[in-house]
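Here is how names work: the chains are called A, B, and so on, in the same order as the sequence lines, proteins then strands, and each is numbered from 1.
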Amino acid sequence: MLETIRKGVLKKGVVTDRYPYVPYMPYDGHLGMPMVDEAKCTSDKVCEQVCPTTAIRFAPGQLSIDLGLCIFCGECARRCPHQAIIMSKEFELASKRREGLVRFYVVQQ
Amino acid sequence: MNERLMGEIIASMEEELANGIKKTGIKGNHVWMTVEQSVFPKIAGHIHNSWGATLVSMHAVDNRFISSDYKLCIILALKGEDDFVTLVTSVDSKDTVFPSVTPEIFSADWYEREINDMFGLQAKGHPDLKPLVLYDDWPEGTYPLRKDFAADSRVLRIPRPYNYRNVEGEGVFVIPVGPVHAGVIEPGHFRFSVAGEPIIDLELRLGYVHKGIEKISERMPYSKGVLLAERISGDNSFAHSLAYCQAVEALCNAKVPERSRFVRCIFSELERIYNHLGDVGGIALDTAFSIGAQHAYILRERVMDINDLLTGSRFLRGVNCLGGVWKGIDERGRSKLIERLVMVKLDFQEFYDEVIGTPSVMDRLETTGVLSYEAAKDLNIVGPGARASGIDRDVRRDHPYAAYRDLSFKVPILTQGDVNARFQVKSEEIFESISIIEQALSNMPEGEPRIDIPTPEPGRTAMSLVESPRGELLHWIVSGEGKPFRHKIRDASFHNWRAMEVAVLGNIVPDFPLVNKSFSLSYSGNDL
Ligand code: SF4
């Protein structure tokens, strides 16, 4: 028993985080929620074509990303010629309604 | 070299077999033979038995709209050489029957059942051609991988009974377990027959999470296919995407930058380390050695955390791409990785000593779930499970890919074949992997991590073998217009599940989880 305590708690310490009481900060390069920089987007629809899950949809003057379909692959961010999409560090994405998972952005026509 | 080899192989055949060969060809380290259907099993059996070749895959291609027949391929890897023999035969599009290979090569059993399910080609002479991967209520006569089956079609589900093996006798009880299990794991049905305590028979029923990945892939342009491959089997993401990328790169004869070859090795080994840590932790947990298990899980978490730091993904997704890797390893990542590996190595040594120094744990591990060398060979077991039963095979050494040719490492082989042997093999592989990463980091050349590769021309064939943490896995692609025409995926678990049916015999039911964990089998990788 003593041996166990010595090897366990005393030697290793506490390894879990205090999240959610203390916020968690993901590393740089974390594949979190894709986010659009509305000013940079030219609506050339590259992201819509490369997205493997049809999460990205264009409507006139509007771009929507459905986080319920998104698999956070980062393909849209990598392929965008204008760096208008980034994979942000945002990871707390739960919503009580399905529609709450769709993010809208106003973009150039 | 290969011409001589092909000559020797043909010369070693009886005349009747050699006369059945219609066409031969050589491409790289592949010898191709197109053979008559009637001698197909015999030739495969001859190469398998006389040349000590292992069965890598057997699959069909629906070629009806090109040459109005089905093609059937068997890929065999020659023993001790980095050479493959592919046998191709044709199956008539009306009379969908071919002679079974199972009587010659036992491990072709599941492949033929899969071909029957997906293409509706019946192996004549197969001992038990019941469904393998399709759902129980999938309608008869609907074959998903045929080209005239639309990927988005909905079929009418009609429940039909499944013929389980019947074990009868006085005092024999059947314990059905699953498909829904306690805990967050995937579905699989296990049917134990017990006489008193010991298990006398186990029948597996899988396929509950069949997703039609091969069919989906036929609609996916190559660049998206990488993302699909990453999601075939969650914790083997990197190995699958690597195999896919290598196969597509081989289709267009592209040579990837040196640097990416080393980066690919580093991430492959990181994947192996965190998988093996999870397995040895699981083995400890299933012997109720919770403290040890938690130590292994802490280590696993540390490795996944460094994955996250290096790539942004704990499962190493978004790293591989056609023509190299998206993310190299920069100076900061490199020093962090080295630091973390030293820590993992020391802590793992401590965990290892703790486990083997605990008699109650060793008592459960030793002589439990023995898989003999003969059984492992007949069932064609791959990966650490095979190496613990004395089969000396590792794709990294026997068919080197990425930068493995330039790295030196030991392949641990044990012969006992019990849970303990698998535990030891995995533990040793963790140390070896750490050393491989250290070597790769110090030998990694500078340069671009990726190049652009052209889209492969239609009608070509390429394959790639990768040693995933679970063992050898295969991606085999025939190229079509900008996407695969046929994409065959074979995960290590497709071979290894069958080891369970043998290894648990004579053991008690409570040891089943332990044996299961020691083989670390994937449901998702099996149920493509
Ligand atoms: S991250 Fe991938 S799945 Fe999500 S929106 Fe971008 S391309 Fe689509």
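The heavy-atom pair separating B:Lys224 from A:Gln49 by the smallest distance is NZ-O, 2.9 Å.
Considering CZ of B:Arg314 and OH of A:Tyr27, their distance stands at 10.0 Å, rounded to 0.5 Å. Between the OG atom of B:Ser313 and the NE2 atom of A:His30 there is a distance of 9.5 Å, given to the nearest 0.5 Å. Distance NZ/B:Lys327 to CZ/A:Arg78: 6.0 Å, rounded to 0.5 Å.
Shown here is A:Arg98, whose CZ atom has more than 12 heavy atoms of other residues, nucleotides or ligands within 6.0 Å. More than 12 heavy atoms of other residues, nucleotides or ligands shown are found within 6.0 angstrom of CD on B:Gln349. Other residues, nucleotides and ligands contribute over 12 non-hydrogen atoms within 6.0 Å of the CZ atom of A:Arg103. In B:Lys336, the NZ atom is not crowded: 12 or fewer heavy atoms of neighbouring residues, nucleotides or ligands sit closer than 6.0 Å.
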- [ ] Run the numbers on B:Arg231 and A:Cys73 for side-chain contact (heavy atoms from CB on, under 4.5 Å), then give the verdict.
- [x] CA-CA 10 Å; B:Arg231 283 155 184 86; A:Cys73 62; 3.9 Å; yes
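Residue contact with chain A, scored on non-hydrogen atoms closer than 4.5 Å, involves the side chain of B:Ile298 exclusively. Interface residue B:Arg302: only side-chain heavy atoms are found under 4.5 Å from chain A.
In terms of heavy-atom pairs under 4.5 Å with chain A, the best-connected choice from B:Thr311, B:Leu228, B:Asp305 is B:Asp305. Interface remark: of the candidates A:Gly32, A:Gly74, A:Pro26, A:Cys51, A:Cys51 forms the most heavy-atom pairs closer than 4.5 Å to chain B.
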